[in-house]
Amino acid sequence: MKPSGRQSIVQGAVILTASTLIVKFVGALFKIPLANILGGVGMSYFVSAYDVLIPIYSMTVTGLGVAVSRMVSQQGEGNGSAASILKTARVMFFIIGSGSAALLFFGAAPLTGLIGNPSAALSVCCIAPSVLFSCLSSAYRGYFQGRQNMLPTAKSQILEACVKLVAGISAAWLIHSNLTASAAAGTLGWPGTPQQIELRILQYSAAGAVLGVSFSTLCGLLLIRRQYRKTRIDGRGRYSGAAAAQLCRIALPIALTSLCANLTTVIDLSSVMNCLKNAVLRGGDTILQMYGGCIPPEVSAEVLPEYLYGSYSGLAVSVFNLVPAVTAGIGMSAVPAIARYCSCGDDRSLLHSVETVMATTAAVAFPAGLGIFTLAKPQVVTSFLPIVFGIFIVVDGLSRIGTAIDLAKRKGQKWWLLLLFSIVSVALGVLLVLHPFDAAVSAVMLCGILLIAEGALNLGCILYAAMELRTLDRMASAAANAALGAIGDALDEAEAAERDVGSDGPVVYDAESKDVSEDGE
């Protein structure tokens, strides 16, 4: 690891990928019991708050954080420029975050009415503070990422996920259980039918879960701010109008790109919900028959659109976003190095960094995506997929065997470990090709698990090989420099010896000036 907590692109990718996997695992632990507490209808309120947040989050957090990372990476370590960039970013992000939070809080009713789910207004109000906290956190994360130190970002993300798990589930459960008990005892005092009271209880319960999310972002902000105060090396810094203008110039295209990428979520939120309402209005009984026993009997046609949307967005889309969330960390770790190589004109290192990121992303995304598809629909591919996946695993394992042989030729350390994993991968692929199994569904499920493991194995092997090759390149460069130095010294000595032949007096030889003179002259 490099001085001042710095990591290479590969090390940073490992840290961010590992933290993302942990966050996603904790997120699964969060959503499974939350779905049991809220049900499909309550989950639609919870998910709608996130969906309303996404475009604002894209404009405020995503672009500005990357801009800070890029600007800090171009500054020298130990001067005040990076601290001034962070100071400027904090002021800007506080203003932008406060305005965005106010927009969400006071505009919750019209925004949720626009998307066709007005009952989610309370949840949107509760998620509004998270915009401010996330904006300020992104300033610190951008600073550390610009310093190529991904550990503070990873720690704050993991803390956020853990606090969200505990606080969100606890708040939702306490609110739901207490209000349900009060309603059963007749002490709640809310007007309306029992079904209307139950829907209102779900609104408050979902809002409690969202409030736990906002509290988790505050905890993440406090942790990363503490990390900065402990490791600060650039002084306090000052607000700079020039830095603010440059931040806006860099952040605006990134924010617009992120907004365009997330517009599909906003379109889905408005169009899917309204289409579901129209479909239920025209043939609610037909839809209930289509899904058989998948829909609980207490879900009536009145709340069926919210239930279906909550199941789609809260569960299916979350699984879909699993792979992009993991690969995003790989790209994020390369931003500081790529920005530095661009600023200094090092095209060779820039090309190597981009190729490393693309290869690592592809090695993770393709197997993991196929694995998720297989686990989701095993019946579709029961006849041919085991053989196809077996061939894929064999080819991939053979390519890694070639990488292990290259490492062995270059005398890399522990090359045999990479070779062993590659041989195991080839053996698994051959097993799938020769014995596709009789229990087709079980075989396809096994294929999905193997492909996900293959993606993880690919990531580990590529990162290990990249680190070994980088070490060997440094050793080869150092050896070449030493050899050139030795040759230069030998030539200098030979030149001095030639000039020394035939001279009468003692010779004085200056290695730097290459002047040879006799004493006394």
Are more than 12 heavy atoms from other residues, nucleotides or ligands located less than 6.0 Å from atom CZ of R225?
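No - once you tally the heavy atoms of other residues, nucleotides and ligands closer than 6.0 Å, there are 12 at most.
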Atom CZ of F133 with >12 non-hydrogen neighbours under 6.0 angstrom
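Result for CZ/F133: enclosed.
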Which distance, rounded to the nearest 0.5 Å, do you find between the [atom1] of [X] and the [atom2] of [Y]?
X: Y204; Y: C126; atom1: OH; atom2: SG; answer: 10.0 Å
X: E198; Y: L179; atom1: CD; atom2: CG; answer: 10.0 Å
X: S44; Y: L276; atom1: OG; atom2: CG; answer: 10.5 Å
X: L159; Y: L223; atom1: CG; atom2: CG; answer: 5.5 Å
X: S170; Y: I175; atom1: OG; atom2: CD1; answer: 10.5 Å
X: S100; Y: L132; atom1: OG; atom2: CG; answer: 9.0 Å

Please verify the inter-ring angle class for F46 with F30; under 30° counts as parallel, over 60° as perpendicular, anything in between as tilted.
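The arrangement is tilted - the two ring planes meet at 30° to 60°.
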Between [X] and [Y], which heavy-atom pair has the shortest distance, and what is it?
X: G97; Y: V131; result: O-CG1, 4.2 Å
X: S205; Y: L38; result: CB-CD2, 3.5 Å
X: A139; Y: L86; result: O-CD1, 3.5 Å
X: L104; Y: V52; result: CD2-CG1, 3.6 Å
X: S214; Y: P129; result: OG-CD, 4.2 Å
X: Q203; Y: L122; result: O-CD2, 4.2 Å

Sidechain-backbone polar pair: [X] side chain, [Y] backbone, donor-acceptor under 3.5 Å:
X: N149; Y: Q145; result: no
X: Q196; Y: T193; result: yes
X: S138; Y: C135; result: yes

Distance-only donor-acceptor check, side chains E160 and T217, under 3.5 Å:
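Distance-only check fails for E160 and T217.
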Option from V68, T153, L136 for which side chain to side chain contact (heavy atoms under 4.5 Å, CB included) with R141 holds:
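Only one option passes, and that is T153.
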Stepwise side-chain contact (heavy atoms from CB on, under 4.5 Å) check, L53 with S130
CA-CA 9 Å; L53 174 70; S130 68; 4.2 Å; yes
Tell me, with the steps shown, if Y50 and V213 meet side-chain contact (heavy atoms from CB on, under 4.5 Å).
CA-CA 10 Å; Y50 265 103; V213 174; 3.2 Å; yes
Let's go through I201 and I197 carefully: what are the C-alpha distance in whole Å and the side-chain angles of both, what is the deciding distance for side-chain contact (heavy atoms from CB on, under 4.5 Å) to 0.1 Å, and is it a yes or a no?
CA-CA 6 Å; I201 290 174; I197 293 175; 4.1 Å; yes
Passes ring pair (Phe, Tyr, Trp, His ring centres under 6.0 Å), Y140 versus F144? Steps please.
CA-CA 6 Å; Y140 289 104; F144 281 113; 7.5 Å; no
